[in-house]
Amino acid sequence: MASNARLDHRNPLVIDTHELGRRPGAMQRLTREVDAPRDLGIEGVVGVPEGAPLELDLRLESVMEGVLVTGTARASAKGECVRCLEPVGLELEADFQEMFSYPDADDRGRVIAEPGDDAEDDEDRQYIEDGLIDLEPLLRDAVVLALPMQPVCQDDCQGLCSECGARLTDDPDHHHDALDIRWAALQGLADTMSDGEKDEMSGDVPRSARADEKQEK
């Protein structure tokens with residue numbers, strides 16, 4: 001459905017289609033560099049930093065029912081390796097295409113009395129508003145689809161050691177000596193017996209034994 005909020009022509013992601021007119025077959029190509037908007041990507045995982053350069057190559061084609069927008073967005077994205085937590089940088093290229101409909105035309109380009117009166121009207125349809133189209137929602141969807149859901153610093157990243165947190169890719173031979181729990185119990189028993197022998201050899205008498213001797217005297 002068409003948005004009630006009026007679009008701001010000063011927004012670099014808002015495109016003016018007045019030059020095309022309503023002449024089916026008319027085409028316009030645009031190339032522009034804009035600042036990336038906030039939260040462009042997968043939150044907490046990977047995305048294009050706010051204000052980073054975002055290159056847009058656009059083709060606008062006038063058709064009966066509206067304007068068909070085809071484009072490519074290019075930018076540098078940043079994130080964190082899901083295995084070792086090291087910073088990750090990658091070059092993003094996202095393709096997109098969307099039909100922006102005239103608010104007073106149906107699917108066949110025929111003028112209708114009021115937009116939205118048709119029961120079969122698609123709620124996800126994008127509309128042209130006062131000759132302007134907003135690329136930001138379209139761009140966000142395209143970028144999310146183009147980014148990896150689980151970015152890694154390299155395909156064979158070994159992650160982190162579960163015991164000490166060391167990065168395993170930097171030290172392939174990294175390991176910890178594992179002690180069998182059964183041997184650990186025996187070792188504890190041996191240590192206890194060894195401590196008892198040391199007490200006998202040193203002549204140390206338990207405090208309770210000394211108290212018994214005093215009572216006998």
Could you list the donor-acceptor pairs under 3.5 angstrom formed by side chains in residues 53-61, with sequence neighbours left out?
from  : atom 1 : to    : atom 2 : distance (Å)
Asp57 : OD1    : Thr31 : OG1    : 3.3
Asp57 : OD2    : Arg74 : NH1    : 2.6
Arg59 : NE     : Glu61 : OE2    : 3.3
Arg59 : NH2    : Glu61 : OE2    : 3.3

Between atom CD1 of Ile15 and atom CD of Gln28, what is the distance when rounded to the nearest 0.5 Å? 8.5 Å
Going only through I, L, V, M, F, W and Y residues with side-chain contacts under 4.5 Å, is there a path from Val48 to Ile42? yes
Is any side-chain heavy atom of Val45 closer than 4.5 Å to a side-chain heavy atom of Met149? no
Evaluate the side-chain proximity of Gln126 to Val69: yes if any heavy-atom separation is below 4.5 Å, no if none is. no
Holding to side chain to side chain donor-acceptor pair (under 3.5 Å), I want the full list of residues that pass it with Glu91, two or more places apart in sequence or in another chain. Ser76
With sequence neighbours left out, the residues meeting side-chain contact (heavy atoms from CB on, under 4.5 Å) with Asp130 are Arg6
How about Val88 and Val152: do any of their side-chain heavy atoms sit closer than 4.5 Å? no
Between Arg83 and Asp155 (side chain of the first, backbone of the second, donor and acceptor by atom type, cut-off under 3.5 Å), is there such a pair? yes
I'd like to know if the side chain of Thr72 reaches the main chain of Asp95, judged simply by a donor and an acceptor atom lying under 3.5 Å from each other, with no hydrogens or angles considered. no
Listing request: all salt bridge (charged side-chain N to carboxylate O under 4.0 Å, His left out) pairs with a residue in residues 10-21, at least two apart in sequence or in separate chains. Asp8-Arg10
Show me the donor-acceptor pairs within less than 3.5 Å that the side chains of residues 132-148 make with the rest of the protein, sequence neighbours left out.
from   : atom 1 : to     : atom 2 : distance (Å)
Asp134 : OD1    : Glu136 : N      : 3.1
Glu136 : OE2    : Arg140 : NE     : 3.2
Glu136 : OE2    : Arg140 : NH2    : 2.9
Arg140 : NH1    : Arg38  : O      : 3.0
Arg140 : NH1    : Asp39  : O      : 2.6
Arg140 : NH2    : Arg38  : O      : 2.6

Checking Glu80 now: which residues fulfil side-chain contact (heavy atoms from CB on, under 4.5 Å) with it, not counting sequence neighbours? Leu85
Side-chain heavy-atom pair Pro24, Val63 within 4.5 angstrom cut-off: no
Arg125 (side chain) donor-acceptor with Ser101 (main chain) under 3.5 angstrom: no
